[in-house]
Amino acid sequence: MRAFLILLSLALLSSCIQEIPIHMPDKSNRLVVGSLIYPDKLISMNVSYVRLFSDSTEVNPKILEISIKENGVLIDYPKGQGPEIYSSTYPKEGSTYELTVTTDKETVTAKTSIPTKVLITKAESFRSAVTTADYENLTEAVITWSDPVGPNFYELQLDVWSFYQYAPIDDPVLQQEGDLDYYPSTFVFSDKLFEGKTYNMTLRFSGHSNTTVLLRNVSEEYYHFKKSWHRHIWLQNTSMNVDKIREDYNIFPLLFQGDPVPLSSNFNNNLGIFAGFNQDIRQLKKRR
């Protein structure tokens with residue numbers, strides 16, 4: 001009887017299974033260019049093709065010409081077949097750049113600029129009165145800078161181990177960006193709430209206070225790309241859900257993780273990023 005019930009259950013289950021054909025969109029061999037530029041490094045770029053996950057071939061695009069314009073004037077023709085190509089140009093603060101890549105199939109162009117460098121005027125840390133659930137005192141860091149006139153965009157990072165070391169973040173600037181639910185590796189934000197003023201950002205985290213803080217003032221292209229990057233990575237991060245599947249064989253967290261988020265692009269065919277930034281790096285000083 002038991003064997004009969006098992007066979008009957010298997011028969012019923014098999015009758016409930018329906019194969020769904022999946023037609024993969026053919027977006028392979030589409031050109032994608034990536035280049036993040038700042039004054040301390042020669043302009044470089046990665047030129048490659050988009051490939052389906054099932055395609056293990058590595059074919060580089062046939063590059064006919066690469067050109068760089070500075071403030072509308074042609075200044076450089078980087079040479080190479082990639083994927084990594086270096087120029088002889090160091091970008092300058094306050095200048096605008098245009099990158100054009102021409103292959104045997106298409107031409108893509110994007111523009112960006114190098115913002116004026118914003119200096120960290122104060123970077124202090126001290127032992128906070130706030131504790132963790134294990135009664136461990138958190139480290140509190142206060143980072144201060146003066147925002148230039150006009151719309152500005154920033155990226156801030158402390159070299160703590162991971163996002164999970166941060167205490168609940170109540171900074172209004174970071175909250176209004178809507179990124180915290182995606183556990184970003186860095187904090188990207190605009191100056192909408194403090195335009196033209198001096199701002200003090202406070203972050204609490206567990207760990208030591210001898211920490212380096214990096215503040216980047218970034219182009220608008222960089223800002224939109226990095227925000228989309230954080231969402232894109234989070235919605236494709238299945239490592240935690242795979243652990244859940246191994247523990248309780250529940251596949252639903254993996255299936256319903258979320259749809260992928262397209263990455264922001266400023267190239268004319270919507271593939272790739274060319275964006276500039278400037279940066280200042282300081283060591284947190286322990287307040288006495």
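Quantities reported herein were computed from a predicted structural model and do not represent experimental measurements.
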**Request:** Verify, without hydrogens or angle tests, whether Ser265 (side chain) and Gly272 (backbone) share a donor-acceptor contact under 3.5 angstrom.
**Result:** yes
**Asked** Out of curiosity, Phe205 CZ to Leu158 CG, how far, rounded to the nearest 0.5 Å?
**Response** 5.5 Å
**Asked** Can you tell me how far CD1 of Ile143 sits from CG of Leu215, rounded to the nearest 0.5 angstrom?
**Response** 8.5 Å
**Prompt:** In terms of side-chain geometry, is the basic nitrogen of Glu177 or Lys227 positioned less than 4.0 Å from the acidic oxygen of its partner?
**Reply:** yes
**Item:** Tyr182 vs Ile233 side-chain heavy atoms within contact, under 4.5 Å
**Value:** no
**Asked** Tell me, which pairs form a side-chain hydrogen bond (donor to acceptor under 3.5 Å, both in side chains) where one or both residues lie in residues 141-150, sequence neighbours left out?
**Response** Thr144-Asn200, Ser146-Thr198, Asp147-Asn152, Asp147-Tyr154
**Prompt:** Do any N or O atoms from the side chain of Asp191 and from the backbone of Phe194 form a donor-acceptor pair under 3.5 angstrom?
**Reply:** no
**Request:** Let me see the working for Asp170 and Gln175 under side chain to side chain donor-acceptor pair (under 3.5 Å), right down to the final yes or no.
**Result:** CA-CA 7 Å; Asp170 54 10; Gln175 286 188 337; over 6 Å; no
**Message:** Quick check: do Lys286 and Leu284 have side-chain heavy atoms less than 4.5 Å from each other?
**Reply:** no
**Prompt:** Heavy atoms, side chains only, cut-off 4.5 Å: are Pro115 and Val218 in contact?
**Reply:** no
**Item:** Partners passing side chain to side chain donor-acceptor pair (under 3.5 Å) against Asp76 (at least two apart in sequence or in another chain)
**Value:** Ser88, Thr89
**Asked** Just how far is it from atom CG of Leu31 to atom CD of Glu106, taken to the nearest 0.5 Å?
**Response** 5.0 Å
**Request:** Could you tell me which residues satisfy ring-ring contact (aromatic ring centres under 6.0 Å, His included) with Tyr97, sequence neighbours excluded, listed by chain and number?
**Result:** none
**Asked** Would a 4.5 Å heavy-atom cut-off, applied to side chains only, mark Pro78 and Met45 as touching?
**Response** yes
**Prompt:** What distance do Lys285 atom NZ and Lys122 atom NZ have between them, rounded to the nearest 0.5 Å?
**Reply:** 11.0 Å
**Complete:** For Tyr90, the other hydrophobic cluster members (4.5 Å side-chain criterion, sorted by chain and number) are Leu42
**Message:** With side chain to side chain donor-acceptor pair (under 3.5 Å) as the criterion, how do Thr112 and Ser219 come out once you've worked through the C-alpha distance, each side chain's angles and the decisive distance to 0.1 Å?
**Reply:** CA-CA 7 Å; Thr112 192; Ser219 63; 3.3 Å; yes
**Message:** Nearest 0.5 angstrom please: Gln165 CD to Leu203 CG, how far?
**Reply:** 12.5 Å
**Prompt:** Passes salt bridge (Lys or Arg N to Asp or Glu O under 4.0 Å), Glu140 versus Arg204? Steps please.
**Reply:** CA-CA 4 Å; Glu140 187 163 314; Arg204 300 182 185 91; 2.9 Å; yes
**Message:** Side chains of Tyr222 and Arg216, heavy atoms from C-beta outward: is any pair under 4.5 Å?
**Reply:** yes
**Message:** Any heavy-atom pair between the side chains of Leu99 and Ile66 that's under 4.5 Å?
**Reply:** yes
**Message:** Could you report the tightest heavy-atom contact between Ser206 and Leu138, atom names first, then the distance?
**Reply:** N-CD2, 3.8 Å
**Prompt:** Do the side chains of Ile120 and Val213 get nearer than 4.5 Å, heavy atoms only?
**Reply:** yes
**Prompt:** Can you find a side-chain donor-acceptor pair between Thr212 and Gln283 that sits under 3.5 Å?
**Reply:** yes
**Prompt:** Is the closest side-chain heavy-atom distance between Gln176 and Leu193 below 4.5 Å?
**Reply:** yes
**Prompt:** His230: what forms a side-chain contact (heavy atoms from CB on, under 4.5 Å) with it, not counting sequence neighbours?
**Reply:** Pro184, Ser185, Thr186, Val188, Lys226
**Message:** Looking at every heavy atom in both Glu221 and Ser113, which two are closest together, and how far apart are they?
**Reply:** OE1-N, 4.4 Å
**Leu263 vs Trp229, side chain to side chain contact (heavy atoms under 4.5 Å, CB included): CA-CA, chis, key distance, verdict** = CA-CA 6 Å; Leu263 291 175; Trp229 173 261; 3.9 Å; yes
**Prompt:** Does Thr102 have any side chain to side chain donor-acceptor pair (under 3.5 Å) partners at least two apart in sequence or in another chain, and if so, which?
**Reply:** Thr107
